[in-house]
Engineer: 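Once you've had a glance at the structure underneath, I'll fire off some questions.
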Amino acid sequence: MSRRRLGRRFYGRDPREVAPELLGTLLVHGERVGRIVEVEAYCGTEDPGSHAYRGPTPRTRVMFGPPGHLYVYFSYGMHWCANVVCGTDGQAGAVLLRAVAPVTGLEAMRAARPRARRDLDLTSGPAKLCQAFGLDGAFDGADLVRSDRGVHLAVDGTPLGVAPATSPRIGLSAGAELPWRWYVPGDPHVSGRPR
DNA sequence: CCGCCGATCTTT
DNA sequence: AAGATCGGCGGG
């Protein structure tokens, strides 16, 4: 089926509007392709759960820039996690990519994640999918519209099949009550235990 | 299957 | 000192 890369306009909206629409779209990095099944919205300086809440820092600089770029941050001193920058320039909106279902490039993903015992563990978490797709600090600021570092998002016309489910975001204390996580119910690649 | 805990960088 | 995490280990 033919693919269409997502354009700047898609990203230039409130992250809470973009997030559910990202479910079912494809994360593409060379031969490695995954279908997004779990995301979380972060709303910049108005969201106590966002890294951008207290204003820009060296780490969060990209989030305060134009939409359609990757914000990749280093977590717990060990892992990388990737967000899509949303909204207007200066707003610091973002959508965290929490899980994808592998579509192609499984061999490359397994090679990049030697500790994953099962294929279900390849991309079922924000740091897992970054490791599987080879996304690290070198991709912070990558332009998904121009695909200047070989990464982009695309749609291929495959219907989602189910209505997206929502829940509070995972692992937060501040902003923990806000229902800004969206996922594909029943998909085994969604992180954590079923809810 | 479940819960605990360590690893170790950024920000407060 | 806590955090947008993960995986190894021990117990049931």
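Chain letters run A, B, ... following the sequence lines, proteins first and then strands; every chain starts at 1.
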Engineer: Taking the six-membered ring for Trp, does Tyr76(A) stack with dA7(B) (centroid gap under 5.5 Å, planes within less than 30°)?
Structural biologist: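 No; centroid distance or tilt outside limits.
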Engineer: Please state whether the phosphate of dT11(B), meaning OP1 or OP2, lies under 4.0 angstrom from any side-chain nitrogen or oxygen of Thr57(A).
Structural biologist: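 Looking at the OP1 and OP2 atoms of dT11(B), one of them is under 4.0 Å from a side-chain N or O of Thr57(A).
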Engineer: Salt bridge check, Arg149(A) against Asp140(A): does any charged N sit closer than 4.0 Å to a carboxylate O?
Structural biologist: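 No salt bridge links Asp140(A) with Arg149(A).
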Engineer: Could you check how far CZ of Arg59(A) sits from C1' of dT12(B), rounded to whole Å?
Structural biologist: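 Arg59(A) atom CZ is separated from dT12(B) atom C1' by 11 Å.
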Engineer: How is the base pairing of DNA chain C summarised as a dot-bracket string, given the Watson-Crick and G-U wobble criteria with both distances under 3.5 Å, [ ] for crossing and | for another strand?
Structural biologist: |||.|||||||.
Engineer: Please work out which of the three classes, parallel, tilted or perpendicular, describes the rings of Phe139(A) and His29(A), given edges at 30° and 60°.
Structural biologist: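 Plane angle over 60°, so perpendicular.
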Engineer: Quickly work out the Arg54(A) CZ to dT10(B) C1' distance and round it to whole Å.
Structural biologist: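 It is 14 Å, rounded to the nearest whole Å.
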Engineer: Does Arg113(A) place a side-chain N or O at less than 4.0 Å from the phosphate oxygens OP1/OP2 of dG7(C)?
Structural biologist: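 Answer yes for this pair, as a side-chain N or O of Arg113(A) is under 4.0 Å from OP1 or OP2.
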Engineer: Roughly, in whole Å, what's the span from CH2 in Trp80(A) to C1' in dC6(C)?
Structural biologist: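 These atoms are roughly 16 Å apart.
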Engineer: Using the P atom in both, what is the distance from dT8(B) to dC9(C), to the nearest Å?
Structural biologist: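 Their P atoms lie roughly 16 Å apart.
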Engineer: To the nearest angstrom, how far is His79(A) atom NE2 from dA7(B) atom P?
Structural biologist: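 These atoms are roughly 13 Å apart.
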Engineer: Considering all heavy atoms of both residues, which atom of Ser124(A) and which atom of Ala99(A) are nearest to each other, and what is their separation?
Structural biologist: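 Closest heavy-atom pair between Ser124(A) and Ala99(A): CA-CB, 4.2 Å.
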Engineer: Is the phosphate of dA4(C), meaning OP1 or OP2, less than 4.0 Å from a side-chain N or O of His51(A)?
Structural biologist: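 Yes, His51(A) has a side-chain N/O under 4.0 Å of OP1/OP2 on dA4(C).
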Engineer: Looking only at the aromatic ring of each residue, does the gap between the centers of Phe74(A) and Trp80(A) stay below 6.0 angstrom?
Structural biologist: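 Yes, ring centres under 6.0 Å apart.
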Engineer: What's the gap between dG12(C) and dC5(B) when it is taken at their P atoms, as a whole Å value?
Structural biologist: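 Approximately 15 Å lies between the P atom of dG12(C) and that of dC5(B).
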Engineer: If you compare every side-chain N and O of Ser173(A) against the phosphate oxygens of dG3(C) (OP1, OP2), does one of them come in below 4.0 Å?
Structural biologist: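 Checking dG3(C) against Ser173(A), a side-chain N or O does come within under 4.0 Å of OP1 or OP2.
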Engineer: Round to the nearest Å and state the distance from Arg115(A) atom CZ to dG8(C) atom C1'.
Structural biologist: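 About 8 Å, once rounded to whole Å.
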Engineer: Determine the contact category for Asn83(A): base if any of its heavy atoms lies under 4.0 Å from a base atom, sugar-phosphate if only primed atoms, P, OP1 or OP2 are that close, otherwise nothing.
Structural biologist: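 Base: the residue Asn83(A), judged by heavy atoms under 4.0 Å, touches a nucleobase.
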Engineer: Do the numbers put Arg181(A) on top of the ring of Tyr183(A), so that NZ or CZ is under 6.0 Å from the six-membered ring centre and no more than 45° off the axis?
Structural biologist: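 Output yes; distance and angle both within limits.
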Engineer: Between Arg117(A) and dG7(C), does any side-chain N or O lie under 4.0 Å from OP1 or OP2?
Structural biologist: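 No, because none of the side-chain N or O atoms of Arg117(A) sits under 4.0 Å from OP1 or OP2 of dG7(C).
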Engineer: Taking CZ from Phe74(A) and P from dA7(B), how many angstroms apart are they, rounded to a whole number?
Structural biologist: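 These atoms are roughly 15 Å apart.
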Engineer: Let me know the distance between CG of Asp136(A) and C1' of dT5(C), rounded to the nearest Å.
Structural biologist: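 My rounded result for the distance is 16 Å.
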Engineer: Looking at Glu46(A), I want to see if its CD is surrounded by more than 12 non-hydrogen atoms of other residues, nucleotides or ligands under 6.0 Å.
Structural biologist: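 No.
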Engineer: Among the candidates dT11(B), dA7(B), dT5(C), find the nucleotide nearest to the side-chain atoms of Met78(A).
Structural biologist: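 Selected nucleotide (nearest to the side chain): dA7(B).
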Engineer: I want to confirm an ordering. Mapping Gly49(A) and Lys128(A) to their closest nucleotides on DNA chain C, which one lands closer to the 5' end?
Structural biologist: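 Closer to the 5' end of DNA chain C: Gly49(A).
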Engineer: Are Pro164(A) and Val184(A) packed together at the side-chain level, in the sense that at least one heavy-atom pair is separated by less than 4.5 angstrom?
Structural biologist: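 Pro164(A) vs Val184(A): side chains apart.
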Engineer: Apply side chain to side chain contact (heavy atoms under 4.5 Å, CB included) to residues Asp136(A) and Val72(A) and explain how you reach the verdict.
Structural biologist: CA-CA 7 Å; Asp136(A) 58 19; Val72(A) 182; 5.7 Å; no
Engineer: Could you tell me the separation between the CG atom of Leu129(A) and the P atom of dT5(C), rounded to a whole number of Å?
Structural biologist: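 Roughly 12 Å, once rounded to whole Å.
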